Engineer: 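This is the structure I have questions about; it appears just below.
Proteins come first, then strands; the chains are lettered A, B, ... in the order of their sequence lines, and each starts at number 1. These numbers come from a predicted model, not from an experiment.
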Amino acid sequence: MIDLEFMINTVSLGSLYALLSLGLVFVYGILKLVNFAYGEYLMVAGYAMYVLGTFTGVPWYATLVLAVLTAALVSYLTELVAFRPVRTKSLTAMLVTSFAVSVFLQNVVLITISSRSRAVRFPSFFSQTITLGDATVPLRNLMIIAITIILLTALTLVMKKTVLGMAMRAAADRFTTTRLMGVPANLVISAAFLISGTLAGVVSIFWVSRSASVDPLIGMAPLLIAFIATVMGGMHSLVGAVIGGFVYGLLFNVLSITLPASLISYRDAFMFVIVILFLLFRPEGIWKGGYTEERVG
Amino acid sequence: MRQGIQAPGWLAKRSTVWILLVPMVAVAGLLQLFASSLVVDIYTQFCVNLMIVLALQAFMGNSGILPFTHVGWMGIGAYASGILSMAPMVKSLGVPNMYPVLVAVQVPIPVAIVLGGVVAALVAALIGWPLMRLSNAVGVITLFATLIVMHVVMTQWDNVTNGPRTFFGLQKFTTLWIAVIGAAIVLYVVHWYRESSPGLRLRASRDDRYAAMAVGINVVQVRYIGFVFSALLAGMAGGLWAHLITSFSPKAFYILEMFVLLAMLVIGGQGSVSGAFLGTAIVTAARQFLLQVEAGINNSGALTLEVFGLTDIVMAIFMVVVLIWRPNGIVGGREFTWPLFRRRMKPAADGATGSQQT
Amino acid sequence: MLTIENLTASYGAITALHGISLEVGEGELVALLGSNGAGKSTTLKSICGLLRPGQGTIRFLGEDIAGRAPEVILKKGISMVPEGREIFGGLTVEENLRLGAFTSYQRDRYRTDLDEMFALFPILKERFTQAGGLLSGGEQQMLAIARALMSHPKLLMLDEPSLGLSPTMTDSIFELISDLRDRGTTILLVEQNAERALEIVDRAYLLTTGSIEFSGTPDELKRRVDIASVYFGGEDDGTCEVRL
């Protein structure tokens with residue numbers, strides 16, 4: 001069972017989940033907000049691809065870029081309009097706000113487009129497969145791995161080498177003291193939401209391309225994956241989120257091939273139960289990380 | 001001290017309950033006499049919602065933990081009470097794959113509703129302890145994941161729930177007055193719990209977990225008690241709900257419905273029974289109004305598209321506005337007490353200057 | 001330089017400052033003394049913008065800065081070394097210092113500033129690429145001070161710099177503070193170790209439960225030692241280092 005094909009597909013799935021978790025943790029790390037609207041950034045990017053691909057003559061590469069930008073923009077706007085005013089209030093207020101934002105975005109799409117799913121066009125190479133030795137893998141899976149390597153490298157550089165990156169790491173560690181350094185609170189928080197939205201947008205491309213369709217509830221499954229992967233990997237560091245994504249991808253693929261067919265519909269439930277049990281023994285996740293629980297005030 | 005009419009001790013001690021209860025019963029009486037059956041139905045629905053939201057307040061308001069599982073307890077109560085109360089004939093028609101044991105059993109509806117609550121409480125008791133150990137983000141996410149697991153089980157276990165399909169054939173049992181009495185009991189019990197020893201200890205753990213631990217409060221234990229208690233009430237309320245609606249599917253116990261319950265509690269103010277009451281009233285009324293508007297627009301044909309979802313959009317905006325304007329809800333964590341509005345005389349925390357700046 | 005008049009501040013329903021007034025002149029080293037909960041940290045947080053004060057004015061170089069955002073106040077020239085040092089543990093010493101220069105960064109000056117910090121705190125040069133969290137308490141305090149100095153403050157505020165340090169380390173921190181004053185930096189110092197603070201400061205204010213109880217030179221304050229000891233000793237919870 002453990003052949004090259006399995007490995008490539010697992011690494012690919014893990015990469016996708018790693019990007020997904022990373023986007024969630026970027027905001028969590030700084031704002032301590034579990035953002036329930038995160039899946040909706042992904043959905044919005046999906047609809048951007050649908051609208052641009054169906055009603056305009058924009059070339060496919062521009063469509064993909066614009067879709068990612070749309071997700072980043074929507075993420076930024078939700079911060080500006082909804083999260084910023086409640087940021088200093090209770091943590092529950094912020095959590096509930098993110099829930100409301102999620103419901104809001106879903107229903108806006110429901111009203112303006114449709115509750116039914118819409119077909120999204122992708123260039124044909126998205127659905128091609130290639131043969132490597134005795135393994136036949138979708139080209140898409142290799143693209144995911146490549147994009148993930150590029151993005152993780154770029155983000156590492158930004159976080160390590162730029163002042164904004166340092167400020168974001170500092171803010172995740174000690175938010176108040178970071179402000180004492182003269183770093184505007186809104187700057188790091190907006191940056192976190194922009195990165196979060198960008199990652200959601202990139203994941204959206206590959207997520208939507210699997211079924212080549214988008215519907216208002218498409219954000220739900222990736223949101224859950226990001227949740228579970230981050231708590232499993234550790235919510236207090238970016239590294240933990242990436243590890244969590246890969247472990248989740250592995251666990252998912254292993255369960256997919258080992259569970260008997262009659263239980264496959266319970267696969268998600270199994271995943272959650274495994275993770276909940278794991279958290280009982282290690283509530284801080286696989287990777288402990290250094291961030292404190294300090295609240296943004 | 002402001003002087004009001006001196007209330008007797010038993011009245012003063014539970015004055016919040018009476019202040020809420022008297023108008024609730026009075027309105028029910030007036031509706032019974034003068035209103036159309038549609039309005040009576042809406043009010044009955046309000047009373048059932050009130051029970052569920054009060055049960056949510058009992059845990060969330062006192063512990064500060066957002067229990068996404070709450071709508072699941074309601075669902076368990078609904079399914080369990082339905083299975084227990086329906087005639088074997090009806091069950092074998094409605095749920096063809098149901099386990100024979102479950103088909104055979106039948107108890108009177110009130111017993112079934114109470115047992116529905118017990119089943120929900122048992123499930124909560126079974127899974128609650130580990131969940132209550134987790135705090136903050138991990139706790140939130142784990143409770144959310146637990147709701148998903150409950151939903152997966154409800155949609156997949158078609159020997160019990162008829163799977164994702166509609167579960168139907170329940171008798172209508174919940175009348176206006178049964179709902180009013182149920183709401184009154186839950187109102188009293190939740191208010192009692194808030195002031196009881198486990199309730200007070202739970203509130204202490206909410207305000208400062210470490211300080212509470214330092215004075216010897218077993219935080220996990222008081223949370224666990226509140227969690228199971230809340231599930232018991234929600235399960236029974238779910239049973240009453242099921243015997244009002246008479247047919248439902250797992251969709252009724254999922255994220256969007258949880259959002260509505262949360263909106264009711266948060267808009268009114270999660271910190272108090274009065275907040276839960278007011279929020280449920282406002283949101284129920286607002287939703288009814290918006291649903292009418294939505295139906296009006298769709299039926300008039302004024303727009304070519306149908307505007308499903310408008311209600312939820314307005315609710316979402318309303319909720320965020322309330323949270324910005326009054327983060328602790330309209331009531332702001334206080335209870336109505338006799339004499340009314342005494343504590344409003346001095347505007348307290350709102351004018352606070354020490355809030356952390358941003 | 002800094003003039004505070006009738007400043008009030010509260011946390012929710014609890015009032016922490018009941019209209020205090022104080023002044024720090026150019027080049028002065030002024031201490032703010034008092035027991036736990038007297039409002040010393042609240043005063044500093046109000047000045048640096050972390051806390052929005054209620055009433056009153058905070059004038060710095062003639063301009064009212066009360067209620068401005070921390071980044072604005074920092075740019076005006078007030079820098080703070082927070083209580084407990086608050087080093088970014090996951091960042092290197094270098095990165096901590098770089099963030100200290102966040103608002104005032106200029107490539108050429110940054111280099112010379114770093115060299116100046118290395119001259120003041122040679123240990124930071126040795127630890128330059130290490131994570132801040134790996135430094136000892138005293139080294140972290142030095143880093144915190146260096147980080148605050150990187151923005152070229154006109155007024156430096158220190159919140160309990162000797163807290164949790166060994167006596168030797170406390171000595172060198174106090175030595176350093178008076179050195180900084182001698183080099184022309186205006187300093188507002190919050191200390192529980194009143195005895196040590198009074199040795200180096202020009203003037204001191206004594207805060208008790210949100211009000212200024214006394215102000216004057218160290219000698220004047222020491223003459224009223226019996227009164228002071230009531231306030232220092234009376235509400236002492238046994239953990240702080242008040243000796244007077």
Side-chain angles (χ1 to χ4, degrees), chain A residues 28 32-34 36 81-82 84-97 99-112 114-115 176 179 185-186 216 220 224 227-228 230-231 235-236 265-273 275-277 279-280 283-285 293 296-297, chain B residues 60 64-66 68 127 129-131 133-142 144-146 148-153 155-157 255-256 258-260 262-263 265-266 270 305-329 355-358:
Chain A
Y28 177 79
K32 309 297 170 231
L33 162 69
V34 178
F36 277 85
V81 175
R84 190 169 293 185
V86 295
R87 192 169 80 209
T88 55
K89 315 285 164 60
S90 76
L91 198 56
T92 312
M94 206 153 60
L95 199 64
V96 173
T97 299
F99 206 6
V101 168
S102 160
V103 170
F104 174 83
L105 289 173
Q106 279 177 16
N107 284 285
V108 165
V109 171
L110 202 77
I111 286 193
T112 55
S114 168
S115 63
T176 311
R179 303 187 64 201
N186 291 338
M220 183 65 201
L224 272 171
F227 277 180
I228 300 302
T230 46
V231 293
M235 294 215 69
H236 300 301
S265 55
Y266 289 97
R267 182 178 54 200
D268 292 340
F270 268 105
M271 298 282 299
F272 295 160
V273 171
V275 171
I276 290 168
L277 288 176
L279 286 174
L280 296 183
E284 70 273 24
E293 281 282 338
V296 171
Chain B
M60 183 175 163
I65 297 170
L66 207 173
F68 282 103
I127 65 170
W129 191 269
L131 291 173
R133 288 181 47 191
L134 303 169
S135 288
N136 299 330
V138 174
V140 168
I141 289 176
T142 316
F144 189 70
T146 310
I148 312 289
V149 174
M150 287 160 101
H151 185 72
V152 170
V153 172
T155 51
Q156 302 297 332
W157 203 7
I255 295 168
L256 195 61
M258 187 60 214
F259 172 72
V260 175
L262 209 53
L265 184 57
V266 167
Q270 54 164 317
L305 66 160
E306 300 221 311
V307 288
F308 296 119
L310 186 69
T311 308
D312 294 316
I313 289 184
V314 176
M315 290 315 303
I317 295 174
F318 185 39
M319 203 155 137
V320 174
V321 168
V322 168
L323 282 170
I324 293 170
W325 169 57
R326 284 185 79 91
N328 295 319
S355 59
Q356 294 262 308
Q357 247 206 60
T358 46

Engineer: To the nearest 0.5 angstrom, please state how far the CD1 atom of B:Ile313 sits from the CG atom of A:Leu105.
Structural biologist: 9.0 Å

Engineer: Please tell me if the side chains of A:Phe227 and B:Val140 come closer than 4.5 Å, counting only heavy atoms from C-beta onward.
Structural biologist: no

Engineer: When heavy-atom pairs shorter than 4.5 Å are enumerated against chain B, which of A:Val275, A:Val108, A:Val81, A:Leu33 gives the highest number?
Structural biologist: A:Val108

Engineer: Looking only at heavy atoms and a cut-off of under 4.5 Å, which of B:Val322, B:Val314, B:Ile255 has the most pairs with chain A?
Structural biologist: B:Ile255

Engineer: Taking every heavy-atom pair that is under 4.5 Å apart, which of A:Ala93, A:Ala100, A:Pro85 has the most such pairs with chain B?
Structural biologist: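 Of A:Ala93, A:Ala100, A:Pro85, A:Ala100 has the most heavy-atom pairs under 4.5 Å with chain B.
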
Engineer: Who wins among B:Val152, B:Ile127, B:Ile324, B:Thr146 for the most heavy-atom pairs under 4.5 Å with chain A?
Structural biologist: B:Ile324

Engineer: Decide yes or no for A:Gln106 and B:Asp312: does some side-chain heavy atom of the first lie under 4.5 Å from some side-chain heavy atom of the second?
Structural biologist: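 No, side chains not in contact.
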
Engineer: Sort A:Val96 into side chain, backbone, both or neither according to what part of it lies under 4.5 angstrom from a heavy atom of chain B.
Structural biologist: both

Engineer: Side chain, backbone, both or neither: which part of B:Phe318 has a heavy atom under 4.5 Å from chain A?
Structural biologist: neither

Engineer: Any side-chain heavy-atom pair from A:Phe36 and B:Phe259 closer than 4.5 angstrom?
Structural biologist: no

Engineer: In the structure I gave you, are the side-chain heavy atoms of A:Val103 and B:Met319 within less than 4.5 Å of one another anywhere?
Structural biologist: no

Engineer: Counting only heavy atoms not in B:Trp157, do more than 12 fall under 6.0 Å of its CH2?
Structural biologist: no

Engineer: Where does B:Leu134 contact chain A at under 4.5 Å (heavy atoms): side chain, backbone, both or neither?
Structural biologist: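 Side chain only.
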
Engineer: Give me the atom names and distance for the closest heavy-atom approach of B:Gly64 to A:Thr92.
Structural biologist: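 For B:Gly64 and A:Thr92, the tightest heavy-atom pair comes out as O-OG1, 3.8 Å.
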
Engineer: When rounded to the nearest 0.5 angstrom, what distance separates CG in A:Asn107 from CG in B:Leu256?
Structural biologist: 7.0 Å

Engineer: If I measure from the heavy atoms of chain A, does B:Val138 come under 4.5 Å with its side chain, its backbone, both, or neither?
Structural biologist: both

Engineer: State, yes or no, whether a side-chain contact exists between B:Ile148 and A:Met220 at a heavy-atom distance under 4.5 Å.
Structural biologist: yes

Engineer: Drop me the distance from A:Leu95's CG to B:Leu66's CG, to the nearest 0.5 angstrom.
Structural biologist: 5.5 Å

Engineer: Select one option (side chain, backbone, both, neither) describing which atoms of B:Met60 are under 4.5 Å from chain A's heavy atoms.
Structural biologist: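 Side chain only.
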
Engineer: Could you pull out all residues at least two apart from A:Thr97 that satisfy side chain to side chain contact (heavy atoms under 4.5 Å, CB included)?
Structural biologist: A:Ala82, A:Phe83, A:Val86, A:Val101, B:Val320, B:Leu323

